[in-house]
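Predicted model, so just to flag it, every value in this text is computed and none were measured.
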Amino acid sequence: MGLIGTVVTVIVVGLIAGALARLLVPGRQSMSVGMTILLGIVGSFVGGFLGFLIFHKDASDGFLQPAGIIGAVIGSVIVLLIVGARGRRAVH
């Protein structure tokens, strides 16, 4: 696929996963499109890490690996909830 294709795929999957996570988590998240993409990318790695811990698959790739779209959405929801909890604590 090449480097450009990989980068575009990561950005698109990050946008989809981040947007779905924002739709699933109640409340208002004031994020730009770039932050939504970053949320999805970070969520993908969180989902990959959790998948590795739970299922012990792909051990040869290491524990830090990207997940599929479902794992990316689950990881993005977790990241969004953590960021939201930290943000509320910082405001109060």
Heavy-atom nearest pair, Val46 first then Gly75, reads CG1-CA, 4.0 Å

Between the CD1 atom in Ile11 and the CD1 atom in Ile16, the distance rounded to the nearest 0.5 Å is 12.0 Å

Rounding to 0.5 Å, atoms CG (Leu20) and CG (Leu80) come to a distance of 12.0 Å

The complete set of side chain to side chain donor-acceptor pair (under 3.5 Å) pairs with one or both residues in residues 33-42, sequence neighbours excluded, reads Arg22-Thr36

Taking everything shown except Ile4 itself, do over 12 heavy atoms lie less than 6.0 Å from its CD1? no

The complete set of side chain to side chain donor-acceptor pair (under 3.5 Å) pairs with one or both residues in residues 72-83, sequence neighbours excluded, reads none

Only residue of Val83, Val77, Val79 satisfying side-chain contact (heavy atoms from CB on, under 4.5 Å) with Leu81 is Val77

Q.
If we ignore hydrogens and angles and just use 3.5 Å, is the side chain of Ser44 paired with the main-chain N or O of Gly40 as donor and acceptor?
A. no

Distance col, row Ile74:CD1 vs Leu50:CG, nearest 0.5 angstrom, shows 8.5 Å

